[in-house]
Number of protein chains: 2
Amino acid sequence: MPERPEIPIYRQIADQLRAAILAGELRDGDRLPGENTLMREYGIARATARQALAVLINEGLAVARRGSGVYVRLFRPIRRHGSQRLTRWREGEAIWEADTRGRPYVVDAVHVERAEAPADVAAVLGSGQVWVRQRRYSVEERPVQLATSFYPAALAEGTRIAEADSGPGGVYARLRELGKGPSHFTEEIRGRMPMPPESRMLELPAGTPVLVVTRLAYTAEGEAVEFNQMIMDAAAYILQYDFEA
Amino acid sequence: MPERPEIPIYRQIADQLRAAILAGELRDGDRLPGENTLMREYGIARATARQALAVLINEGLAVARRGSGVYVRLFRPIRRHGSQRLTRWREGEAIWEADTRGRPYVVDAVHVERAEAPADVAAVLGSGQVWVRQRRYSVEERPVQLATSFYPAALAEGTRIAEADSGPGGVYARLRELGKGPSHFTEEIRGRMPMPPESRMLELPAGTPVLVVTRLAYTAEGEAVEFNQMIMDAAAYILQYDFEA
DNA sequence: TAGTGGTCTAGACCACTTT
DNA sequence: AAGTGGTCTAGACCACTAA
C-alpha cells in the first residue's frame, strides 16, 4: 500500500477516491466504499478508514447517510444575477422569481419584529431602531438561503414593511410608495464555513461553505433604506454580476 | 458534564469553545485548550478531545500548529471591487473591516504557455487554441489568489500577451492596442472547499473555503477576449459590486 | 527535554437504514 | 437480522515546537 510512505495512508485513500470522483468513474449519488470495505481492502483500522472518508466529506465531495453509506455529492446550482435582477421589481414582480426561473420555491420561517439594530447595521442605516424581516427560501424541497433584512423603524412603522406579508411587489414596492425607492445597490460577498444554526436551518452536510451576501440599498438621494444579509448554501448558488469598464 | 446527554460530548465542548471565541473571550491568535487539557478537564479520551477541536478547525475558527497548540484564527480581508464606477456610494460605509490601501500584491509562480482550451473555455472564446497565463498573488507574504487567464491564440500570438512579462499596463493594455479593449465584463462567483493542489498553493489551513471567480471580458462589439478564473482564499477576501436599479 | 499535534491500532456500544 | 455510519475508550509511536 505505502507506495509513497511519506503520505499518510488515509490521505492516499482519500486521494484515490477523489481522483475517481473527478474522473467521472464515480458519479453524483454513487455509493463510495464504506468503512468496513476500506478496512478489509487496505488492512487498516476503523478510525483510519473514517479519516479517509472524512477528508472527502469535508471537501464537500461526499455525504454520509447514517445506516446507509457514503455517497458522491450532487451539485445543481441556482444562477443569481446581481446586476440585472433588481431591474424588474418596478413591474411588481417578486425579485426571487428571477432567480429560480419558474422552479417552484417556498418561503418559510418568516419572522418580522421591531428591534434595536446591531452596531454595524445602525452605522449604515443611521437608525438605532429597525424593523427586522427574516425568512428562509427553499427550492425543490431544499433550503438554500436565509435572509435577514433591516429597515429604519421611522420608515417602516405603520406600513406593510412591518407585517409578515409585505404586500404585492414586496418591500421595495412599499418603499417606492413612500418616495424612498431604492436605486443604488452595493453587494458584499464573503465565503466561510457555516455556524451550527445556519447549518441546521439550511440542512447543510459537512464540508459545505456558505456565501454571505450583504446588500445595501440606497435611494437616488443617497439615503440607506435597506440592510439585507443573505446566507446561501454555496453548493446551491452561482452569483453573477455584469458591469462595464 | 452531560448536561444534555443527547448532544455528543465533543459537540458540547466545541460549542463552549466557539461561544467563547464569538463572545470575544478568546481573541484572534489566542491559544485554545489543547488535547491534553481537554482530556484532563472533561475526563475524555484523546480521540474525543481531537474531535472537539476538529469541529472548530473545520469551521475555520481555529488553526492547529504542530508542536505548539491550537489557536483562534485571524480574519483580515482584502476588499476587491468588481465595479469601481460608483465609488461615492461606498464612502464611510465599509461594513466589514478591510484594509485595501497600499498593500502591494506580489506575483509569482508565473507560467505562460500555448495550449488547447478546455471545453468550457473554448465554448466562450470560440477558439480551441489559447494562450494560458497562470500566476499567484500574495499580500504581506501570504498567498491569497491563484489566477488562470485564457486568450484566443489568434489574438495573442506574437504579442506580449504570450510572454511572461506582458508589458506596461498589462494584458488589457495590449488588447486595447490590438483594437480589442475589454469594455464589458461578467463575473461568476461560486464557493466550495479547495482541492489539494489549491490548498497547497494557497497554504490554506483546514476549514477555509475558496471563492471561485470566473470573469469573462468582451469588447464593445461583443467579442469574448478573455476567460479568467481566480481561486481566492475566502478568508482573505471580500468581493464588492456596485450597481443601479 | 517536555509538551504538542498527527497518525494509527483494536476494540466497544449505539441509532439508524436496508433487506 | 445484517450492515452502516456516529460516538467513544485506551492505548501507541512519531515529528515538530518551545523552553
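Chain identifiers are assigned alphabetically (A, B, ...) following the order of the sequence lines, protein sequences preceding nucleic acid strands; residue numbering begins at 1 within each chain.
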Take the protein atom [atom1] of [X] and the nucleotide atom [atom2] of [N], then report the distance between them rounded to whole Å.
X     : N      : atom1 : atom2 : answer
B:I57 : C:dT7  : CD1   : P     : 11 Å
A:R65 : C:dA15 : CZ    : C1'   : 17 Å
B:Y71 : C:dG5  : OH    : P     : 8 Å
A:Q51 : D:dG5  : CD    : C1'   : 16 Å
B:E35 : D:dC16 : CD    : P     : 17 Å
B:L32 : C:dG5  : CG    : C1'   : 13 Å
A:Q12 : C:dC8  : CD    : C1'   : 14 Å
B:L38 : D:dC8  : CG    : C1'   : 15 Å

For a quick check of understanding: with a heavy-atom distance under 4.0 Å over all strands, which category does [X] fall into, base, sugar-phosphate or nothing?
X     : value
A:R11 : nothing
A:L53 : nothing
B:A47 : base

Tell me whether the side-chain N or O atoms of B:R46 pair up with the base of C:dG6 as donor and acceptor below 3.5 Å, since no angle test is needed here.
yes
Residue pair B:R73 / B:P205, side-chain heavy-atom distance below 4.5 Å
yes
Rounded to the nearest 0.5 Å, how far apart are CE of A:M201 and OG of A:S138?
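Going from CE on A:M201 over to OG on A:S138, the span is 9.0 Å.
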Check every atom of [options] against the side chain of [X] and return the nucleotide holding the closest atom.
X     : options               : result
B:R50 : C:dT17, C:dG5, D:dA10 : C:dG5
A:R66 : C:dT4, C:dA15, D:dC8  : C:dA15
A:N36 : D:dT4, C:dT7, D:dA15  : D:dT4

For A:I44 and for B:A64, locate the closest nucleotide of DNA chain C by heavy-atom distance; then report the residue assigned to the nucleotide nearer the 5' terminus.
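Its nearest nucleotide being more 5', the pick is B:A64.
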Can you check side chain to side chain contact (heavy atoms under 4.5 Å, CB included) on B:L146 and B:Q134, steps first, answer last?
CA-CA 8 Å; B:L146 307 174; B:Q134 293 179 288; over 6 Å; no
One thing to verify: whether A:E35 and A:R46 come together as a salt bridge, which I'm taking to mean a side-chain N less than 4.0 angstrom from a carboxylate O.
yes
Which residues pass the ring-ring contact (aromatic ring centres under 6.0 Å, His included) test with B:F227, sequence neighbours left out?
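B:F227: ring-ring contact (aromatic ring centres under 6.0 Å, His included) contacts with B:F150.
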Under 4.0 Å between a side-chain N/O of A:Y10 and OP1 or OP2 of C:dC8, yes or no?
no
